[in-house]
Structures are given as structure tokens and as C-alpha cells.
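One structure below.
Naming convention: chains lettered A, B, ... in sequence-line order (proteins, then strands); numbering from 1 in each chain.
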Amino acid sequence: MSDEQKSLKQIIAFRKEKLADLRTAGVDPYPHSFSADHYSDQIKAEYSELEGQDVTIAGRIMSLRKMGKAAFTHVQDQTGQIQCYVRRDEVGPDQYTAFKKLDIGDIIGVTGYVFTTRMGEISIHAKAVTVLAKSIRPLPIVKEKDGETFDAFEDKELRYRHRHLDLVVNPEIKEVFVKRGKIIREMRNYLDDRGFLEAETPILQPLYGGAFAKPFVTHHNALDQKLYLRIADELYLKRLIVGGFDKVYEIAKDFRNEGMDRSHNPEFTMLEFYQAYVDYEYQMDQVEDLIRSVARQLDGLQVEWNGLAIDLEKPFSRRPILELLREATGHDLNNTNTEELARIARSFDLTLPEQTNYGQLLDLLMKELVEPNLIQPTFVIDYPKAISPLAKMHRSGDPELVERFELFIGGLEFANAFTELNDPLDQRQRFEDQARLRSGGDEEAQTMDENFLEAVECGMPPTGGVGLGVDRLVMLLTDQHSIRDVILFPAMRNK
RNA sequence: GCGCCAGUAGCUCAAUUGGCAGAGCAGUUGACUCUUAAUCAAUUGGUUGGGGGUUCGAUUCCUCCCUGGCGUACCA
């Protein structure tokens, strides 16, 4: 492995020597604290007031140009970089000797007055340089001239595996994670302002449910019992609704043991919120409003994503799934059976899985023929009962339809929501139907959850519930096209 | 899971039909008190992702494996 390479070892050995030299010279290379009073961007912004004034900054050495008895260095703090001019006659021979032992990557504090160099760069003329942390492992060095970048650190694998380096060397990516923080904060604010309770439900669950997915399995030693990492928190949050909390939400890490690609990470963040006495129509309004409210905290309601201009301001359209499928296939799918669906799918050259059921076929048709075209925000509504075991029958009286919506933007699914099924007998029946699918080979069919059913049997108020993919919302609002670029430490194979 | 592509120094990349594994930056030593890819001089650094094979000789050809990227399938 590259860590074992001789030349890297050599570099580290040299740095350790310098570290020892510093200690010999009476310099503590790892002091316990330091007080800076300015950030680099602030000094640049307030240059006219600060010129000639003393400031103290702290940060990492990103470039170093030593010239005998003087040197220039760029120091990077949380806000950016600023150049420091260090002159022996100014800082004194002891500090200058110590300074000469420093490397790119070391953390230092600099006190000095603000000035502009002959080349016109706002800089700090150092009066004192303090070593705050010596680095012994080299940083990838990115250089730049006339807007051209040299030796960029851009290997995706290295960036994801060594995110600390990525953040140091490509500081522009910090913006994505700052925005991610804002998005989540605004979600909380939005729901808190409307009287929602933030709840925490189990991640380790004896039964998993609330979505169609394969779980991660683990084992509790003391209980000698199998546990699953949650795939959703739906069933627990609904128990809280039964218990009398009328508005609850959780921003939850969910875990699904499935493939990973640019829109799927095995652990991902989902916002789920449930509100008693409202239906899915109310929730459509609320989701629209929530997304707008979050977008306003960032760059506004006109969003550019993946080269697509997406308008979050116009009312999101609401289209029944069967209507969309009729437009896409030319067939009225009301009252179709599995065989007819399969025939239609084949007529569009879609490859069908060996074993397939009605719900999976509908899903396939949607995915292939409809979803990629749902660029502007669209609520797909009124799903077939067969693929919605937790959603309530449609008020229209159609025995095949439930009150459910999914939100699509840019061809990606962002939310899934129902008027929640609160008829305990119907719910039991649905679980039994799922169990049949399961024994028929559908691994993702949901499992009978007696504890949940018992709760519903105690009486659950009419409820509207929503699940919203947080990572995807971050992707949309930061114009990132891979989920790995909105997750600080995306899942990677063990090396 | 399947398909395509890639892996050479700490970083970014070369290496002709199979013929001594190279450059820039970083590092080391020295010079240099307004530089900014600092400059100048000298210099260190390699099990070419790993195993096996073909060959007098493999970074190059074959094969298996590892890792990643992209696409595709399932899922949000």
C-alpha cells in the first residue's frame, strides 16, 4: 500500500526530525490553545479600516516561499486564505529559525499588521508567528496560476476516503456541507414552528417495516436476538400519533441493504413527519411549502440542477398515476391484471424479472416510461392499493386505489406520502397480502408487525404522513449530481 | 449483480513495435529581505495495485484477483 512507500516514509521521517528540532529549540509544536481575533475573509472585507492595524489569525500553511531572511506564506482558515509576510528582522532570529522548520500543512498563528504588497495582495506583515500544530504527513499540494490549476487533488476515491484532505485542499466543497446544515436546520425550524415534536425512534428494530427494502441484520448478544437496522421510522412514528402526539417528525438515518449508485447510499437521511387529522392533500400543500421555505434559505426558488431549470415557485402539478401511465402507454390500466401489464411492458421492450407481481410491474412501467420525464415538481397521486400497504383507501370509493403521493423533481423521487391507513382490519388484511407476496418470492414485501397492528387497533386518528429524502433535497439545492458529494463520508468498500 | 474504463514517486502525469521506469511539483542541502506554480544550483525518492503466465526481456501481451469511476439493474 502506498503508505508503506519508502519516499513517503522519508518525508515523514524528515518532518519528525524538524519536530524534534523545534522541541530542542524550546518551541512547543503542539500548544494547548490560541486566540485569533480575525478571519481571513474579514480582513479582506474590512481592509480599509484594518490597514496598518494589528490582527491575529490562525490556520494552515498552504503555500510557502522562503527567501533567505524573509518568506511569504498563505495561511488558510475556515473562511479562506490570506498571505503573510514573515521577515527575520521583524519576528526576530529565534522565531525565524523556528519558522524555517515549518512545512506546508502545519497550523500556525500569525500576529501582525495588515498591508498590501507591491504586487497588490492584501497580506499580514508578521510580528509574531506561533506554531500551533506541526504536521508530519504531507498534504497534496494544489497550485494555481492565472486561474489555471496544477496538480489538482481530484481522484474521487482519495477524496471520499480522505475527506479531511478534500476539505483542506478543495475548500469550495465545504459550501455544499454548509448548505446541507442549513437545509436540515430549516426543516427543523419549519416543523418546530408549526408545533411538531421531534421524536427519536429505534434504529435497532426487532422487525423492520414502513418501506419496501432489504435490511441490514445484526445481533444483540445479551438478548440473543436478531435485530434489524431500520429501513424507515414510519411504524414507530405512527404509534406516537396513536399515543396522542398530534404532530411528530424525525430526521432519521435509514439503512437499506441494496445497491449503491449516484442517488443511493446504504445509509441515508430521511425526514418523516406525521400529522393527525389531516390527509394527503393537506400534506401535498405542506410539502410544497416546506421545500419552498428551505429553498428560500439557499439560492431561491429557481433552481438549476444537472443542466435543468427547475421552478419551485409554480404550484407543483398533481397527476394521478393511472393517467400518467395511460398517456405513456396508450393503455387504460384500470382493472388490468398482472398478465396484461406484463404484455404491455414487453411491448415497450422492457425486460421483466423472472418472478414479478402486479405492483412490481406498475413500478417498472413508471420508472421506465414516466418518472424520467417528471422534471418540474410533480406529485404523482392515487396509487394502486397493491403497492401501498400502509395507505388508506381512496375516498372516491375505487376499491383499487389508495390516497398516496410521490413527489418527483428532475426525474428523481423526493417524497412518498399517504393518508395513513387507520382501519385496523384493513391494515391486517394488507399485511396478510404482503405476507403472501413474500412467500411468493418478493423479498421486499413487508412483514406482519403485530405490535404496530395492536396500536392501530387501539384507535389511530386520521393522519397524513410524509417521508422526504434529505440527501436528494440537498443534491437538488446544491446542484450536485452524486449522493456521495452531499454525504461527508459516503460508504466505501473496506480497503 | 452485470457492462465499460482506469490504477506508474507524496501529488499531477509520461514511457514508441515488448528493450536500462521518466518529468514537473512536493521533499532534502545550499543561495536569496515584496514573493505568489517564487527563482537558481545540487540531490533523494519506484516491488509500475496484487498473484500467475507467455518471453532472452513485460508498465506494455494473456489470465485471475483487489480497488475505484462511469453506465445499467433493484431501492429513496
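- Side-chain atoms of A/Glu121 and base atoms of B/U36 include a donor and an acceptor less than 3.5 Å apart.
- For the P atoms, the distance from B/A15 to B/A23 is 15 Å, rounded to whole Å.
- For the 3.5 Å distance criterion, the side chains of A/Tyr383 and A/Glu406 qualify, holding a donor opposite an acceptor.
- Counting only heavy atoms from C-beta on, A/Pro140 has its side chain closest to B/C11 among B/G27, B/U35, B/C11.
- Taking 4.0 angstrom as the limit, A/Arg65 places none of its side-chain polar atoms (N or O) nearer than this to OP1 or OP2 of B/C34.
- Nucleotide B/A38 holds its P atom 8 Å from the CD1 atom of A/Ile104, rounded to whole Å.
- For the pair A/His74 NE2 and B/A26 C1', the interatomic distance rounds to 18 Å; values are reported in whole Å.
- B/A76 has its base stacked against the ring of A/Phe268, the centroids being under 5.5 angstrom apart at an interplanar angle below 30°.
- Checked by distance alone, A/Asn257 brings no side-chain donor or acceptor within 3.5 Å of a matching partner on the base of B/C74.
- For A/Glu90 against B/U33, no side-chain N or O and base N or O form a donor-acceptor pair under 3.5 Å.
- Side-chain atoms of A/Ile11 lie closest to B/G27 of the nucleotides B/G27, B/U36, B/A76.
- Between B/U33, B/U72, B/U36, one nucleotide has an atom nearer to the side chain of A/Ala70 than all others, and that is B/U33.
- A distance-only check finds a donor-acceptor pair linking the side chain of A/Gln283 to the backbone of A/Gly464 [under 3.5 Å].
- Nearest nucleotide to the side chain of A/Lys18, out of B/U35, B/G27, B/G68: B/G27.
- Heavy-atom neighbours of A/Glu198 CD from other residues, nucleotides or ligands within 6.0 Å: above the threshold of 12.
- With hydrogens and angles ignored, a donor-acceptor pair under 3.5 angstrom links the side chain of A/Thr117 to the base of B/U35.
- Within 3.5 Å, a donor on the side chain of A/Arg87 pairs with an acceptor on the base of B/U33, or the reverse.
- The side chain of A/Gln83 lies closest to B/U35, out of B/C11, B/U35, B/C74.
- B/U48 sits 13 Å from B/C13 when the C1' atoms are compared, rounded to a whole Å.
- Nearest to the side-chain atoms of A/Met67 among the listed nucleotides B/C74, B/U28, B/C34 stands B/C34.
- The shortest non-hydrogen separation linking A/Ile241 to A/Gln275 is CD1-N, 4.3 Å.
- At whole-Å resolution of the value, CD1 in A/Ile12 and C1' in B/G27 are 12 Å apart.
- The listed nucleotides are B/G71, B/U67, B/A76; the one nearest the side chain of A/Ile483 is B/A76.
- Following rounding to the nearest Å, A/Leu8 (CG) and B/G27 (C1') show an atom-to-atom distance of 11 Å.
- Of the candidates B/U36, B/A76, B/C74, the closest approach to any side-chain atom of A/Arg472 belongs to B/A76.
- Taking only side-chain nitrogens and oxygens, A/Arg161 never comes nearer than 4.0 Å to OP1 or OP2 of B/U67.
- Minimum heavy-atom separation, A/Leu390 to A/Glu420: O-OE1, 3.6 Å.
- Out of B/C32, B/U35, B/C74, the shortest distance to the side chain of A/Lys69 is found at B/C32.
- Distance CG (A/Asp106) to C1' (B/G27): 14 Å, rounded to an integer number of Å.
- Among B/A76, B/G10, B/U36, the nucleotide with an atom closest to any side-chain atom of A/Pro138 is B/G10.
- We find that CE of A/Met119 is positioned 14 Å from C1' of B/U39, with the value rounded to whole Å.
- For the residue pair A/Ile183 and A/Leu473, the shortest heavy atom distance occurs at CG2-CD2, 4.2 Å.
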